Structure formats: C-alpha cells, structure tokens
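Here, residue 1 is the first one in the sequence, and each next residue gets the next number. Because the structure is predicted, anything quoted here is derived from the model rather than measured.
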Amino acid sequence: MKPALWSLPVLAGMLVACNNDNKPDPVLPLPNHQPISLKILHTNDHHSYFESQTMDLALNYDSESQGNERVRVQLGGFSRIASAIEEYRDANTLVLNSGELNGTLYFSLFKGKVDIQVFNYLGLDAYQLGNHEFDEGDAHLAELIDMASFPILAGNVHPTEQSPLYGKPIMPRVIKDIEGEKVAIIGVLKVEKTRESSMVSDQVNFTDEVESVKAQVKELEAEDINKIIVLSHLGYEFDQQLASQVNGIDVIIGGDTHDVLDSTGELTGMGIAVDGEYPTQVSNPEGKPVYIAQAWEYAKGLGRLNVNFDAQGNVETIQGNLELLVADQFQVQDAENKWVAADQSQQQAILQEIGTLTSIRTIAADPAVDAILAPYKLELESFKQSQLGQVDQTMPFTRIPAAFSNGEQPSGSYAAQVVADAFLHYMPKADVAIQNAGGVRAELHQGQFTVADAYQILPFSNTVVTLDLTGAEILQVLNEALDYAQGISASTGAFPYSSHLRYDVVLNAATGQGIKNLEVKDRRSNQWKPIDLQSIYSVATNSFTALGKDGYLTFAKVRETRPDAFEQSDVVYAVPLLEYFRDVLPNHNLPALDWQEYCLKSVSIAP
C-alpha cells in the first residue's frame, strides 16, 4: 500500500511530541491569526483649512548663532498632506481623519463641499464625524454624506426617522483587510459637546461614549477580530479615560482638542508647545497598553504611526510621530529683523538642518488637490478683496483669561469684546450684548481689515437675536456659561464676553458664584452702575447661545417660558462686524482696547 499524501497543514495538525515513554503530548492548536504590520496616516481638526499657513519655527541653521534661529515656513495644507500620503501609502496603510469642519472662508462660502471633494480624492479609509459637522443642521450634513465616497463613522450617533440623517450611511465601524487579517475601526463622537455646541436636532439620539465602544468591542471579539482601532472625536483627556475603562482597544486615533503629541523632543526645540507623548500609552483594566495619537490641527501636519501586531492581536512594537510638512523656500530675519528670502547658503543650511530631523520635512504640492481647490480659491480670493478698515492693535482671542487685577492690562478675548460691541451697535434697541468666546474663531490682526477677516473670525451661519432678561437672569446666564467653560465638557468656548456689561471673574469658584460685581452701562447716559436684578434688559446675542447651547441654559428657558421675550433678526452672524467697521468706527479704524469699557474688570482664581 502506498503511504498517504498529506498537505502541510494536515501534517502540522497531526504532529505530536513524544516523551521518554513514547506517549504523545497533547496536540498544540495552530493560531487562527497571523502577525501583521500596519501603517496609520492620520489628521484631525482641519476646520476647513486647506492651504498652507505661515509659521515661524526655531531651527539650528546658523553656526554663528548662540541659539535657535527663527525661520518662516509655509506649513502644511492638504496639497502637501496628499503628496505625503501618496508617498507613504501601501497595502498595509490606513488613512484616517478624526473630523471637524468649519473655520475658514472655504466653509463659510462652500459649506463643506470642498472638504468632501478633497477627502474623496485622498481615499480615506474612515472619517469620524466631529461636532462641527452638525453646524449647518441635520439636512445639510445629510447632503454632505451623500457626496462622500469614503466611510463615515459615529457609532454612538442614532438619527431617528424624523431626522434627514435617518438612513444615511453613518457607520458604527468599518472592517479592513490587512494581509488577510481583519482590522476594525470603531467611530465615537463626544455627546455633550455635540448636543450643546452644534445645531444637531432633537431628532438625533446619542449613546454614552464608553458604553458604545464597549458594546462594539464585544461584538468584534465575538466575530474573532482581535485588532481594534478607535477613531475618536472625544478629545485627548477623554481618549485616555476611554482607554483606561475598556478592554480590547489597541490604538486610539483622536481629535477635538487640537493636541500636539511628540516623543522626539524636536517640536519643543522648534518652539511648539507639546501636550504629551506620541503615542501616549495608557493601561486598560486588564493592564494591557493602549496607544493614543493625535495630529495637532488645521492640516499643519500628518500623523504617522507604525504598529506591529502579533498573532494574538497584541501590539509588539509601535512608533511614529507628527510630521510637519513644509515648502522648500524659507524666509529669515535680516539685521533689521525684517523677513526676507533666505539666500542660497541659508537655504542650504536650513534644508540640511531639516534633513537631520524626523518631525519636519519638505515636500512638493499635489497638483490634483491644487486643481480641486483652484475654482473655489478664485471665488474666495475675489470675495476677500473687499477692504473694511484698519485695526490699530491686534485683538487676541484667548478663550479663558489669565488672572489679572483691576487696573492691570486685562487678558482674554479682546476679539469677542469687539464682536459683542458690533452686535450692540447693530441692534439699537438692545441694552447689552453677550458673546461666547468659542463663537469667535480668530484674532483681529493689526493692520488692514477685510471681508475675509470678518468671515474667518465669525465663520458660523448663526444670526443675531435679542432676548429680554431680568438683571438676575443675566447674572445667572453669565455664571452658567462660566461654569460650563470650566466643566467636564472642557468647552472653553462657552466663556462669556459682553458689551455694556462688566464684571469680576473668579475662576474655579463654586457653581453659580464666579461672576462678581456685575455692572451695566446705560446707553443713554453712558454711565456705569450696578445692575438692577429686577429690571428688564434687552440682550443681543447669537442664535446659537440663544438656543441654550454652550451652557447658556437661561436663554433657552426664557425662550420657552416667555416667547414674546425673544426676537429673531435674521441677520447673518458676520454682518454686524462688517457694518461696525464700515458705518460705526470713525475713519473705519478700530482703536486699541479701552480697559474701562472691557467686560472683565479682574480675573482671580479661587483658592
């Protein structure tokens, strides 16, 4: 009889080891999985920034210098990101985006159409919705989803049949095949911030972030999938909490909080503030490591994470970094500290220095992305040519002010103060105006002020409204906003700024106790006096906070209980600022901040 012919797998399954008694040891089962290597390329919080931005970095290019020299670069932009993705991508690559539209004129004018076209070209493997994707409401987001050719994730978002989003392909997760192994990507969105800081309708339900991820991991493990990535729009701290509470997650690619993560030390040397390690390691409840990465903001760079999994789905090795992508032409400061083009020797020295670093590289633009942007850029540039006036002193937009005493130079968002002033002048029947810090998205730069600047500062499709409130209700809503800005949501954009109101602020005070010594300025007499808690005042604000968003709950309560107290102007958010420069400011000139008129009299920190 001829011996049987066995295939190698069958032989392997039959092999046994014998001991000295010629008794077979138990058969060892073959693993069901194989080790794989995975490359993750990721971005987050682009906020509709598509073009490169000017940035000054500290680089050691001058041998005669006593320290790092400042070099002005053209940083990032999706044209360079696309080139890098094309260069790095292979069959083992995932290209991920953790979400967030809205922030530039590209969104103000084109409402996400440009974003979707660029991401279609990039061929994203997954896109996680951010809270700002809901800024134009359910119906508009549904239209954007219809345009997308890439998977859109948000596992804890559940539109009901009444929402235009019902039936749209918002997926809880996507499964990718890498070398025959299944790799799962779970999506999750921050619930409270989306409810309170966007225009999502009540017809969209949400489930708890942690519980949603736990349930999905359980389902994936039941399907014998042991390599799990969470694509998160929760924020860096929340990502760490998630990692510490849920077993089975290997990697979290995050967004929302715009954090800079770096383990090379190079970004700090360039003068960039770093928030944590890349990747950040957190232990899950079983003591196994979970690795968290994020890639800063505004398309400034690309996150590159290389992960090696063993057959059991454990991360054997992991390494990577945020890579800044720059053009190959630079500016330096001359003897008079003016920015000039680098000469040939300086150019060569800068390129040589960049060549020694892993966190920055030069790369050419992708002509296909430039072609996508070209018609939109032409329309945008034409619109931006309109000039409105001048700004004497840069007005910063720092959301949470630093401590200062009465009579000292104040801190905080001067820009939000200017917006509140513009609201008040536009609404002549209003007594005061209140503006949330997060509704102002850029500073007012010193120098010429244009239409483009106004729309970059106020990019949202809000309108100006008025509400009639008692003095006590104004005090209450200011405290609500302050508390929300410091609460667990970390929604610093809730911090309240105002016109014709001023107050002392105590940070970290007990709930409802942080706003002190509230005063109001009478528009007729121009005199400041303590607010009358019983009197009725007309308050101008934006339609977003008027809905009770960002913690401004008293606004929503007044609208519900006293409908006649609310009046919608239908004036687009940026229009009062445009007309403030054009029609109100003498010579169309915004002067330096008047400390006596600023809404913050002092800021202190509770012991």
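Of the possible donor and acceptor atoms, none in the side chain of K300 sits under 3.5 Å from a partner among the backbone N and O of L324. Distance alone, capped at 3.5 Å, is enough to place a donor-acceptor pair between the N120 side chain and the M147 backbone. At distances below 3.5 Å, not a single donor-acceptor pair connects side-chain atoms of D138 with backbone N or O atoms of P164. Within the 3.5 Å criterion, the main-chain N or O of Q74 finds no donor-acceptor partner in the side chain of Q53. Of the possible polar contacts, none joining the E69 side chain to the Y61 backbone as a donor-acceptor pair under 3.5 Å is found. Panel note: side chain Y497, backbone R399; a donor-acceptor pair is recorded below 3.5 Å. Panel note: side chain D250, backbone I228; a donor-acceptor pair is recorded below 3.5 Å. A donor-acceptor pair under 3.5 Å is absent between the side-chain atoms of D550 and the main chain of T545, judged by distance alone. The backbone N or O of E100 lies less than 3.5 Å from no partner atom in the side chain of D45, so there is not a single donor-acceptor pair. Distance alone, capped at 3.5 Å, places no donor-acceptor pair between the T398 side chain and the P401 backbone.
Annotation: side chain of L325 is not in contact with side chain of I360 (no heavy-atom distance under 4.5 Å). A 4.5 Å side-chain heavy-atom check between V210 and V246 finds at least one atom pair inside the cut-off. Contact annotation: the side chain of Y291 approaches that of V315 to within less than 4.5 Å [non-hydrogen atoms, C-beta and beyond].
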Show which side-chain atoms of residues 234-241 pair as donor or acceptor with protein atoms under 3.5 Å away, not counting sequence neighbours.
| unit_1 | atom_1 | unit_2 | atom_2 | d |
| --- | --- | --- | --- | --- |
| Y236 | OH | T280 | OG1 | 2.6 |
| D239 | OD1 | S232 | OG | 2.5 |
| Q240 | NE2 | Y236 | O | 3.3 |

Distance-only donor-acceptor hits, side chain of residues 171-178, under 3.5 Å, sequence neighbours excluded:
| unit_1 | atom_1 | unit_2 | atom_2 | d |
| --- | --- | --- | --- | --- |
| R173 | NH1 | E219 | OE1 | 3.0 |
| R173 | NH2 | E219 | OE1 | 3.2 |
| R173 | NH2 | E223 | OE2 | 3.3 |
| K176 | NZ | D125 | OD1 | 3.1 |
| D177 | OD1 | G180 | N | 3.1 |

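Taking CG of L302 as the start and CD1 of I85 as the end, the distance is 5.5 Å to the nearest 0.5 Å. Expressed to the nearest 0.5 Å, how far CG of L57 lies from CG of L75 amounts to 6.5 Å. The structure places CD1 of I252 at 4.5 Å from CG of L242, a figure rounded to the nearest 0.5 Å. Rounded to the nearest 0.5 Å, atoms CG (L41) and CZ (R89) are 7.5 Å apart. In this structure, CG in L165 is found 10.5 Å from CD in E143, a value given to the nearest 0.5 Å. With rounding to the nearest 0.5 angstrom, the CD atom of E266 is 7.0 Å from the OG1 atom of T356.
Defined by atom type and a distance below 3.5 Å, a donor-acceptor pair is present between the side-chain atoms of T43 and N97. Between the side chains of H46 and D115, at least one donor-acceptor pair of N or O atoms lies under 3.5 Å. Side-chain atoms of N92 and E179 form a donor-acceptor pair, as typed in the model, at a separation below 3.5 Å. No side-chain donor-acceptor contact under 3.5 Å links Q128 and S98. Checked by atom type, the side-chain pair T358/N321 shows no donor-acceptor distance below 3.5 Å. Neither side chain, S83 nor D366, offers a donor N or O lying under 3.5 Å from an acceptor on the other.
For the side-chain contact (heavy atoms from CB on, under 4.5 Å) test, residues two or more places apart in sequence or in another chain that qualify with E181 are H33, Q34, I36, N226, K227. Among residues two or more places apart in sequence or in another chain, the ring-ring contact (aromatic ring centres under 6.0 Å, His included) test is passed with F150 by Y127. Scored by the ring-ring contact (aromatic ring centres under 6.0 Å, His included) test, F404 finds no partners at all (sequence neighbours excluded). Under the rule for a side-chain contact (heavy atoms from CB on, under 4.5 Å), the partners of T207 that lie at least two apart in sequence or sit in another chain are N156, H158, S212. Remark: N306 pairs with K39, Q319 by the side-chain contact (heavy atoms from CB on, under 4.5 Å) rule, at least two apart or across chains. Contacts of Y106 classified as ring-ring contact (aromatic ring centres under 6.0 Å, His included), with partners at least two apart in sequence or in another chain: F50. Checked against side-chain contact (heavy atoms from CB on, under 4.5 Å), D262 has the following partners two or more places apart in sequence or in another chain: T264, L267, V274, S359.
Residue pairs meeting the salt bridge (Lys or Arg N to Asp or Glu O under 4.0 Å) criterion with at least one partner in residues 200-209, sequence neighbours excluded, do not occur; the list is empty. Judged as a ring pair (Phe, Tyr, Trp, His ring centres under 6.0 Å), the pairs with a partner in residues 244-277 (not counting sequence neighbours) are, in order, H47-H258, H258-Y298. Annotation: salt bridge (Lys or Arg N to Asp or Glu O under 4.0 Å) contacts involving residues 304-313, sequence neighbours excluded, comprise R304-E323.
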List the steps, then state whether side chain to side chain donor-acceptor pair (under 3.5 Å) holds for E277 with S263. CA-CA 5 Å; E277 297 289 315; S263 298; 2.7 Å; yes
Does S48 form a side chain to side chain donor-acceptor pair (under 3.5 Å) with N102? I'd like the steps, not just the answer. CA-CA 5 Å; S48 301; N102 202 345; 5.9 Å; no
Given N308 and I318, is the side chain to side chain contact (heavy atoms under 4.5 Å, CB included) satisfied, shown in steps? CA-CA 6 Å; N308 290 316; I318 187 167; over 6 Å; no
For the pair F119 and F78, evaluate ring-ring contact (aromatic ring centres under 6.0 Å, His included) and give the outcome as yes or no after the intermediate values. CA-CA 9 Å; F119 292 148; F78 270 105; 5.4 Å; yes
CA sep, side-chain torsions, deciding dist, call: F460, H132, ring-ring contact (aromatic ring centres under 6.0 Å, His included): CA-CA 10 Å; F460 305 113; H132 281 293; 5.6 Å; yes
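For the residue pair E480 and G551, the shortest heavy atom distance occurs at CB-O, 3.2 Å. Of all heavy-atom pairs between L553 and G548, the closest is CD2-O, 3.8 Å. A295 approaches G303 most closely through the heavy-atom pair CB-N, 3.8 Å. The shortest heavy-atom contact between G514 and A509 is CA-CB, 3.8 Å. Taking both residues in full, the closest heavy atoms of V217 and N247 are given as CG1-O, 3.4 Å, listed atom of the first, atom of the second, then distance. Of all heavy-atom pairs between A82 and V369, the closest is CB-CG2, 3.6 Å.
Within 6.0 Å of CD in E316 there are more than 12 heavy atoms belonging to other residues, nucleotides or ligands. Around the CD atom of E87, the shell of radius 6.0 Å holds more than 12 heavy atoms that belong to other residues, nucleotides or ligands.
Checking each of T257, T194, D256 against H233 for a side chain to side chain donor-acceptor pair (under 3.5 Å) leaves exactly one that passes, namely D256.
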